[in-house]
Protein chains: 2
Amino acid sequence: MGSSQKKITDKTRQKQRDALIAALQCFTEHGFEATTIEMIRDASGMSVGSLYHHFGNKEKIASALFREGMRGYARIVKQYATDLMANSPEPGLEQGIKMLVYANVDWISGNPDWARFVFHHRFTVTQSGDEGAFRGDISDFRKMLSSWARFMGVAEFDSLDINFVSSLITGPTHNYARQWLAGRVKTPLSEHREAFAEAAWAAVQGVLIKGSSTS
Amino acid sequence: MGSSQKKITDKTRQKQRDALIAALQCFTEHGFEATTIEMIRDASGMSVGSLYHHFGNKEKIASALFREGMRGYARIVKQYATDLMANSPEPGLEQGIKMLVYANVDWISGNPDWARFVFHHRFTVTQSGDEGAFRGDISDFRKMLSSWARFMGVAEFDSLDINFVSSLITGPTHNYARQWLAGRVKTPLSEHREAFAEAAWAAVQGVLIKGSSTS
DNA sequence: CAAATTATAGAATATTATTCTAGAATTTAA
DNA sequence: TTAAATTCTAGAATAATATTCTATAATTTG
């Protein structure tokens, strides 16, 4: 592919970011379907032409937004991991897993609009347009998990499907988060922070003991 | 509201069902956004006028589809619960919880297109149009869970947020299912059937022991 | 500074959802 | 059985919306 690298200055990058925030507000308020380009134009102050110049089409706006959201998510996970390593010289698998739950709960609680959008578009976006762009972002968490396990010498982990294990860890949190973000449950996700961490650890222990779920 | 009850014959009900199946195929193949009314017209053999006569608009087609999907899901859960009661006179909480996981895994595995659609639209649909219509459907599972717990005299359950507990049980399964349905993981959900059941039980035990997660 | 590139604007166009009108099929009620 | 009422079908007409296009302004590069 002729990757005709356009020069993008910092100022325009910031404008794009602002436009994405405006778009996110629209999506949050009206949903993706219902927001029109016109609405985004209004909210962002950009012209239709500029929006299309920068993003290509509505789908790609969502795509860019998704990637931006994932970057924020990856950032906090990395941060928490770093902190854990700094504070405890020999963190166990339990600490590692709970840390992952905390990072998830905290990011979602602190960035509900981003989280709602990311959850809702993880599916849609991935199968359309510029996939390659965020291939890396998504798997950050997974890679971290497996290197953790390796680092801590949990041999049983190698025989487990990494996707299966991460579902155990984040599944309940994400499931509840979706409900909470959609307003279908009132008790904030954050109130179950500790309980989800405990449950994740218990679940992983459960399969490590039985241990026959090879992939 | 003037509930001007239209008379709906069995034949037309069947036609509607057929149209919904056709719509589901379109959505499965192209995604909701990308499928046009025209496509659904083609696939269903109906005219645009008929489609709008029966469903109202594109969103309502999705809504009807969602409800149809949820009915199928509720049916299998009810079935599994009945079978469990029939086969074991005094089923424990462990059996009950594993049964719920099995029902979920089996329905999703057996109806991937429906599952994909339901997962993707649980959010969208709920916040638009005719909400009341499926208020009941969705909560079937939850109600069953709490009556199970009551039936089995698990007192600790009363102090737990029912939404929290059902996230523990179905969260990992659904999380993995989403990935699998989107083609992002290859190992079929069904291969982890037993492991997810074990994990759910372990997770619930984990919070029951700690038990301080009151709502 | 001049050429080249990138950004902005909004009108023009194309696509798609929705509405509308007329008539066909079916049901209801006598 | 038949006529009125209701429901269904069809596709053209319309409206809403996404996308493209053309022109110009701003910015960067050499």
Side-chain angles (χ1 to χ4, degrees), chain A residues 2-27 29-66 121 124-125 128-130, chain B residues 2-27 29-66 121 124-125 128-130:
Chain A
S3 56
S4 47
Q5 289 284 27
K6 287 180 194 165
K7 291 294 168 64
I8 293 179
T9 177
D10 276 359
K11 197 174 64 177
T12 66
R13 200 184 304 277
Q14 189 52 47
K15 272 189 190 171
Q16 291 183 355
R17 239 187 280 274
D18 290 349
L20 287 180
I21 303 283
L24 179 59
Q25 286 171 339
C26 293
F27 294 152
E29 187 169 0
H30 305 102
F32 179 70
E33 293 272 290
T35 72
T36 68
I37 296 293
E38 189 87 345
M39 287 177 186
I40 299 175
R41 185 186 58 70
D42 275 353
S44 66
M46 267 185 174
S47 68
V48 176
S50 287
L51 283 172
Y52 276 85
H53 171 73
H54 286 298
F55 301 107
N57 60 27
K58 194 179 167 187
E59 193 71 23
K60 297 254 189 70
I61 292 175
S63 172
L65 209 39
F66 177 79
H121 281 79
T124 299
V125 168
S128 85
D130 50 359
Chain B
S3 56
S4 47
Q5 289 284 29
K6 285 181 195 164
K7 290 295 167 64
I8 294 180
T9 177
D10 276 358
K11 198 174 61 177
T12 65
R13 201 183 305 276
Q14 189 53 45
K15 274 189 190 170
Q16 291 183 354
R17 241 186 280 274
D18 291 348
L20 287 181
I21 304 283
L24 179 59
Q25 287 171 338
C26 294
F27 294 152
E29 188 170 357
H30 306 102
F32 180 71
E33 294 270 293
T35 72
T36 68
I37 296 293
E38 189 86 346
M39 287 177 184
I40 299 176
R41 184 186 59 69
D42 276 352
S44 68
M46 267 185 173
S47 68
V48 177
S50 288
L51 283 171
Y52 275 85
H53 171 72
H54 286 299
F55 301 108
N57 60 28
K58 195 180 168 187
E59 191 72 23
K60 296 253 188 70
I61 292 175
S63 172
L65 208 39
F66 177 79
H121 281 78
T124 300
V125 167
S128 85
D130 52 358

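Heavy-atom basis, side chains included; hydrogens, waters and symmetry copies ignored. Note on naming: letters A, B, ... go to the chains in the order of the sequence lines (proteins, then strands), and numbering restarts at 1 for each one.
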(message) Under 6.0 Å from the ring centre and within 45 degrees of the ring axis: does the NZ or CZ of K58(B) meet both conditions for the six-membered ring of F32(B)?
(response)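 Yes; both conditions hold, so K58(B) lies above the ring face of F32(B).
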(message) With heavy-atom distances below 4.5 Å as the criterion, would you say the side chains of M39(A) and E29(A) are in contact?
(response)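 Not touching, per the 4.5 Å side-chain cut-off.
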(message) Quick one, K15(A) and H54(A) - any side-chain contact, counting heavy atoms below 4.5 Å?
(response)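 Sidechains of H54(A) and K15(A): no contact.
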For [X] and [N], what is the distance between atoms [atom1] and [atom2] respectively, to the nearest whole Å?
X      : N       : atom1 : atom2 : result
F55(A) : dA18(D) : CZ    : P     : 16 Å
R13(B) : dT7(D)  : CZ    : P     : 14 Å
I61(A) : dT17(D) : CD1   : P     : 15 Å
H53(A) : dT19(D) : NE2   : P     : 17 Å
M46(B) : dT7(D)  : CE    : P     : 16 Å
I40(A) : dA16(D) : CD1   : C1'   : 16 Å

(message) Walk along nucleotides 14-30 of chain C from 5' to 3' and tag each nucleotide B, S or - by protein heavy-atom contact under 4.0 Å, base first, then sugar-phosphate.
(response) --SSBB------SS---
(request) Please check the phosphate of dA7(C) (OP1 and OP2 only) for any side-chain N or O of T12(A) closer than 4.0 Å. (result)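 The answer is yes; a side-chain N or O of T12(A) sits under 4.0 Å from OP1 or OP2.
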(message) If the cut-off is 4.0 Å, is S50(A) near the phosphate of dT8(C), judged by side-chain N/O to OP1 or OP2?
(response)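 Yes, S50(A) has a side-chain N/O under 4.0 Å of OP1/OP2 on dT8(C).
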(request) Taking only heavy atoms on the protein side, list every residue of residues 17-24 of chain B lying under 4.0 Å from any atom of DNA chain C, sorted numerically. (result)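 Those residues whose heavy atoms fall under 4.0 Å from DNA chain C, taken from residues 17-24 of chain B, amount to none.
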(message) I'd like to know whether Q14(A) forms a side-chain hydrogen bond (donor to acceptor under 3.5 Å, both in side chains) with D10(A), so could you lay out the CA-CA distance, the side-chain angles of the two residues, the decisive distance to 0.1 Å, and finally the verdict.
(response) CA-CA 6 Å; Q14(A) 189 52 47; D10(A) 276 359; over 6 Å; no
(request) Identify, with sequence neighbours excluded, every residue that meets side chain to side chain donor-acceptor pair (under 3.5 Å) alongside S50(B). (result)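 Expected list: S47(B).
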